[in-house]
Amino acid sequence: MFDLKYISGVATLQLDSDKCNGCRMCLYVCPHAVFDMDRKKAVVVNHDSCMECGACAMNCPEGAISVHAGVGCASAVLQGWINETEPTCDCSGESACCG
Amino acid sequence: MFAMSNEKQDSKKECCKKSAEGELFQIIERRENTQPDWIEGFIVNGNRKIPVVSKTLKFSDRLDSWKARWSSFRMRFSIDPGLYAVGNPDAQSEVLVSANYKLSFDRLRSRLDGVNAWILVLDTKGINVWCSAGKGTFGTAELVNRIKYEKLTELISHRRLILPQLSAPGVSAHKVKKDTGFRIIYGPVRANDIAAFLKNNKRANPEMRRVRFNMSDRAVLIPMEMMQSVKYLLLVSLVFLLLSGLNSEGYIFNDIPDEGLNAVILMFIAYLSGGVLTPLLLPFIPGKAFSLKGLIVGIVLMGGIAIFSHKYPGLFRSNIDLLSWFFITPSISSFLAMNFTGASTYTSLSGVKKEMRFAVPAQIVLAVVGITLWVISQFI
Ligand code: SF4
Ligand code: SF4
């Protein structure tokens, strides 16, 4: 009922199903159930749930997936703006994962 | 204590298994206090000694986890990378891969009741699995190197590794396979499910693969987030305290306790609003952007305070004073809530950037208007 959904229509995830060999690796690694299988090919069923962690692209043996991976963390983005760099996370301990 | 020595005797009976290279495994019993104290003994294989770690957490382990959650400075709770054992594993036992952040490791070893396995701890610079995978320290290169460095192939006869699912952003399974011959199986997201996963033929059900972010997940993250922003609270409070001496008659030190204390209390409320209330009630607050949720909670809280102050006049100097807090509190609350995106497990970088393009300018405007009104209210 109170499912947590973040801002929609922004995720940079792209899947080229022509390259897909149906190995299901993306289904295994995605923490937000973004993919499903349809006739032995992976399909994106939940684009807005993608948090751009990059796990799927990293583990697709066919290079069928692309995503601009990063950590959705405001203080990292802020730091990036100030230093005019890409957002980098200053990880500390338990947080997932900025600080 | 007694249960532990029993376990060891059991293990002793079971000793003398063969490794891949045909050498004998043997458990050495722990004599004096081992360092660190979660090591119970050693498995000896040729001239290697592999530490056997306890499956139960001691008081000192729990203290570590408590300290780690509350530390504002970057305290590292790391353990030595390398190979460890739980129970009495042999050449066919599974190899579980973990980070060298002590809390990640503790969580894993304490959920392995009845499991005999190896634990390969990577050097992730004392950072948890999820975060180090994002940075790439829990990554393909470190894993490949560690497999070779620890000479895994001499010890075990199979070629499988079980990795936490949340390490997948850093590890490329097909590359590891190509470089080392080891096949990677991604286990469940939570260490809690690992025993069930092993029993279920190393298959995770969809529920085990989903990241959750429920009330208790959020609650444990709050202290750390709060400690990281408390310095700003103190700094801003100090500024308000100093400013509160200002009025039409110049600077009056005696005004500071009264006027300043009010400001500090309100500031603290704003801090709780954005840092505690918003994260806790996250799914119940309207809006998707964290900054918007924080803003809403701040306004609602101020509404409550306004009603309260109507009944008990004198809390605020004037309506302008009250009004100024309708800008300051939501601004602070919005900013702190926005920072919680870093702790959340479902916000994308693209989304955060989009939200911030609106939120940051809005927060600045609100704060400037609020502080201006507040200073003005001191002069009338
Ligand atoms: S990981 Fe790549 S090849 Fe495998 S199913 Fe997913 S998209 Fe297809
Ligand atoms: S980037 Fe992460 S969240 Fe997005 S689809 Fe890939 S695995 Fe899922």
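As the structure is a prediction and not an experimental result, all values here were calculated from the model.
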> Where does Thr140(B) contact chain A at under 4.5 Å (heavy atoms): side chain, backbone, both or neither?
Replying inline: side chain

> Do Met58(A) and Pro169(B) have side-chain heavy atoms sitting under 4.5 Å apart?
Replying inline: no

> Counting heavy-atom pairs under 4.5 Å to chain B, which of Pro61(A), Cys50(A), Gly70(A) comes out on top?
Replying inline: Pro61(A)

> Does Val77(A) reach the side chain of Thr341(B), with side-chain heavy atoms less than 4.5 Å apart?
Replying inline: no

>> I'd like to verify something: which residue of Ala359(B), Ser291(B), Pro206(B), Gly351(B) has the highest number of heavy-atom pairs under 4.5 Å with chain A?
In response: Gly351(B)

> Does NZ belonging to Lys178(B) count more than 12 external heavy atoms closer than 6.0 Å?
Replying inline: no

> Considering only heavy atoms, which portion of Cys23(A) lies under 4.5 Å from any heavy atom of chain B: side chain, backbone, both, or neither?
Replying inline: neither

> Out of curiosity, Phe213(B) CZ to His32(A) NE2, how far, rounded to the nearest 0.5 Å?
Replying inline: 10.0 Å

> Top residue by heavy-atom pair count (under 4.5 Å) with chain A, among Val171(B), Ile184(B), Leu282(B)?
Replying inline: Val171(B)

> Got Ile185(B) and Tyr28(A) here, is their nearest side-chain heavy-atom distance under 4.5 Å?
Replying inline: no

> Would the number of heavy atoms belonging to other residues, nucleotides or ligands and lying under 6.0 Å from CZ of Arg160(B) be above 12?
Replying inline: yes

> Can you find a pair of side-chain heavy atoms, one from Ser344(B) and one from Tyr6(A), that are under 4.5 Å apart?
Replying inline: no

>> Determine whether a donor-acceptor pair (N or O, by modelled atom type, separation under 3.5 Å) exists between the side chain of Asn339(B) and the backbone of Ala74(A).
In response: no

>> Nearest 0.5 angstrom please: Ile7(A) CD1 to Phe290(B) CZ, how far?
In response: 9.0 Å

> Heavy-atom distance under 4.5 Å to chain B: side chain of Cys53(A), backbone, both or neither?
Replying inline: both

> Between Ala33(A), Cys56(A), Ser49(A), Ala69(A), which shows the greatest number of heavy-atom pairs under 4.5 Å with chain B?
Replying inline: Ala33(A)

> Can you tell me how far CE of Met338(B) sits from SG of Cys73(A), rounded to the nearest 0.5 angstrom?
Replying inline: 9.5 Å

>> Measuring only between side-chain heavy atoms, which start at C-beta, is Ser350(B) closer than 4.5 Å to His68(A)?
In response: no

> With a 4.5 angstrom heavy-atom cut-off, which part of Cys30(A) approaches chain B: side chain, backbone, both or neither?
Replying inline: backbone

>> Within the 4.5 Å heavy-atom criterion, are Val10(A) and Ser348(B) side-chain neighbours or not?
In response: yes

> Does any heavy atom of chain B fall under 4.5 Å from the side chain of Leu78(A), the backbone, both, or neither of them?
Replying inline: both

> Measuring from Asn59(A):CG to Gln165(B):CD, what's the distance to the nearest 0.5 Å?
Replying inline: 10.0 Å

> Hey, what do you get for CZ (Phe335(B)) to OG (Ser75(A)), rounding to the nearest 0.5 Å?
Replying inline: 8.0 Å

> Does any non-hydrogen side-chain atom of Tyr346(B) lie less than 4.5 Å from one of Lys5(A)?
Replying inline: no

